[in-house]
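Written out below as structure tokens is the structure these notes cover.
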Amino acid sequence: MTRAMIVVLAVAFALLPGTASAQRRGGGGGFFQGSLEAGLRTGRDFENHAWSLGALMRIPFHQKLELRPSADAFFPEHGKTGWQANGDADIMFGPGRTVYGGGGIALVNLDGRKTWTGYNLFFGLIPAQAEAKTKPFVEFRWTFVNNTSPFRLVAGVTHRIGG
């Protein structure tokens with residue numbers, strides 16, 4: 001077995017929750033805290049004059065920290081359809097965890113030829129109780145890639161999976 005495979009397996013076992021019920025209910029003993037959420041979002045990239053449609057996951061990592069993988073398709077007024085994949089994390093704060101902010105890595109392909117690597121910064125509002133099964137949100141997002149930093153306004157909804 002190669003060293004890389006041993007490291008990957010060791011990290012995977014370290015990240016696994018102690019029990020499945022601990023993962024769903026946010027109980028102790030697991031690495032992940034709380035329930036997974038999946039959702040859809042739409043937005044407007046004001047610099048590139050493009051609408052976007054995407055999906056995301058909210059993975060509670062530890063108390064107020066979440067991992068937020070996502071992907072979006074872009075539909076510009078002129079030009080080809082593009083895409084963006086994100087590996088983000090955020091910190092929840094504010095009354096009832098209704099405000100969040102974070103950042104992460106972005107992979108962007110807007111012309112069908114070259115994929116650029118960049119990073120995201122964002123903050124958002126969730127006008128729902130932390131215990132709600134369905135949560136609407138609005139997000140203000142900047143992606144810094146290829147010497148540009150377009151602003152995107154995003155709105156969507158997530159839904160708790162299980163629990």
Side-chain angles (χ1 to χ4, degrees), residues 2-17 23 26 30-77 79-94 97-126 130 135-161:
T2 68
R3 281 189 212 174
M5 186 176 271
I6 292 170
V7 170
V8 168
L9 288 173
V11 170
F13 282 114
L15 295 178
L16 289 173
Q23 180 179 355
F31 194 69
F32 295 101
Q33 304 292 317
S35 298
L36 297 175
E37 294 180 23
L40 297 174
R41 66 185 182 190
T42 187
R44 178 71 177 169
D45 178 333
F46 291 97
E47 183 173 318
N48 295 310
H49 307 288
W51 289 100
S52 65
L53 181 61
L56 72 145
M57 294 271 316
R58 293 180 59 206
I59 306 167
F61 189 67
H62 188 272
Q63 292 183 343
K64 296 182 180 184
L65 178 66
E66 292 182 331
L67 302 178
R68 294 182 53 144
S70 63
D72 299 280
F74 289 91
F75 305 97
E77 292 174 11
K80 294 182 177 181
T81 300
W83 58 267
Q84 178 173 331
N86 306 295
D88 294 328
D90 70 47
I91 297 174
M92 305 291 290
F93 53 95
R97 297 182 182 177
T98 56
V99 180
Y100 63 90
I105 190 168
L107 300 173
V108 181
N109 186 309
L110 297 178
D111 62 8
R113 288 178 273 164
K114 180 160 175 81
T115 300
W116 300 90
T117 303
Y119 63 96
N120 301 307
L121 292 176
F122 58 88
F123 71 93
L125 305 168
I126 302 172
K135 298 177 186 173
F137 67 91
V138 62
E139 188 172 283
F140 308 88
R141 175 177 281 273
W142 293 263
T143 299
F144 298 84
V145 65
N146 193 24
N147 297 318
T148 65
S149 57
F151 168 70
R152 186 162 44 125
L153 179 62
V154 178
V157 64
T158 60
H159 187 76
R160 187 171 60 229
I161 300 172

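Predicted, not measured: the structure shown is a model, and the values here were computed from it.
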- [ ] List the steps and the verdict of side-chain contact (heavy atoms from CB on, under 4.5 Å) for Leu56 and Phe137.
- [x] CA-CA 12 Å; Leu56 72 145; Phe137 67 91; 3.8 Å; yes
Open item on the list: For the CD atom of Glu66 and the CD1 atom of Ile91, what is their distance to the nearest 0.5 Å?
Closed with: 10.5 Å
TODO: Measure the spacing between CG of Leu36 and CG of Leu67 and express it to the nearest 0.5 Å.
DONE: 10.5 Å
Task: Ser149 and Leu121, any side-chain heavy atoms less than 4.5 Å apart - done: no
- [ ] Keeping to residues at least two apart or across chains, list the ring pair (Phe, Tyr, Trp, His ring centres under 6.0 Å) pairs with something in residues 36-60.
- [x] Phe46-Phe151
Open item on the list: In the structure I gave you, are the side-chain heavy atoms of Thr42 and Val154 within less than 4.5 Å of one another anywhere?
Closed with: no
Task: Within-4.5 Å side-chain heavy-atom neighbours: Phe75 and Thr81 - done: yes
Open item on the list: Main chain of Val108, side chain of Thr115: is a donor-acceptor contact present, judged purely on distance under 3.5 Å?
Closed with: no
Task: Any side-chain donor near an acceptor of the partner, Thr143 and Gln84, under 3.5 Å - done: yes
Open item on the list: Under a 3.5 Å threshold, yes or no: a donor from one side chain and an acceptor from the other, between Glu77 and Asn48?
Closed with: no
TODO: Check whether any side-chain heavy atom of Thr148 sits under 4.5 Å from a side-chain heavy atom of Glu47, and report yes or no.
DONE: yes
Open item on the list: Quick check: do Phe122 and Asp88 have side-chain heavy atoms less than 4.5 Å from each other?
Closed with: yes
Open item on the list: Can you give me the closest heavy-atom contact between Ser35 and Ile161, atom names plus distance?
Closed with: CB-O, 4.4 Å
TODO: May I have the step-by-step check of side-chain contact (heavy atoms from CB on, under 4.5 Å) for Glu37 and His159, ending in yes or no?
DONE: CA-CA 5 Å; Glu37 294 180 23; His159 187 76; over 6 Å; no
Task: Residue pair Lys135 / Ala130: nearest heavy atoms and the distance that separates them - done: NZ-O, 3.1 Å
Open item on the list: Looking at Leu65, I want to see if its CG is surrounded by more than 12 non-hydrogen atoms of other residues, nucleotides or ligands under 6.0 Å.
Closed with: yes
- [ ] Kindly indicate whether the side chain of Trp142, heavy atoms from C-beta on, has any atom under 4.5 Å from the side chain of Phe123.
- [x] yes
Open item on the list: Are Phe74 and Leu53 packed together at the side-chain level, in the sense that at least one heavy-atom pair is separated by less than 4.5 angstrom?
Closed with: no
Open item on the list: What's the separation between atom CE in Met57 and atom OG in Ser70, rounded to the nearest 0.5 Å?
Closed with: 11.5 Å
Task: Asp72: partners by salt bridge (Lys or Arg N to Asp or Glu O under 4.0 Å), with sequence neighbours left out - done: Arg41, Arg152
Task: Ala55 to Leu40 - nearest heavy-atom pair and separation - done: CB-CD2, 4.1 Å
TODO: Quick one: do Arg141 and Asn120 satisfy side-chain contact (heavy atoms from CB on, under 4.5 Å)? Show the steps, please.
DONE: CA-CA 7 Å; Arg141 175 177 281 273; Asn120 301 307; 3.3 Å; yes
Task: side-chain contact (heavy atoms from CB on, under 4.5 Å) assessment of Ile126 paired with Met92 - done: CA-CA 10 Å; Ile126 302 172; Met92 305 291 290; 3.7 Å; yes
Open item on the list: If you define the side chain from C-beta out and look only at heavy atoms, does anything of Val138 sit under 4.5 Å from Leu153?
Closed with: yes
TODO: Compare every heavy atom of Leu107 with every heavy atom of Trp83, then report the nearest pair and how far apart it is.
DONE: CZ3-O, 3.6 Å
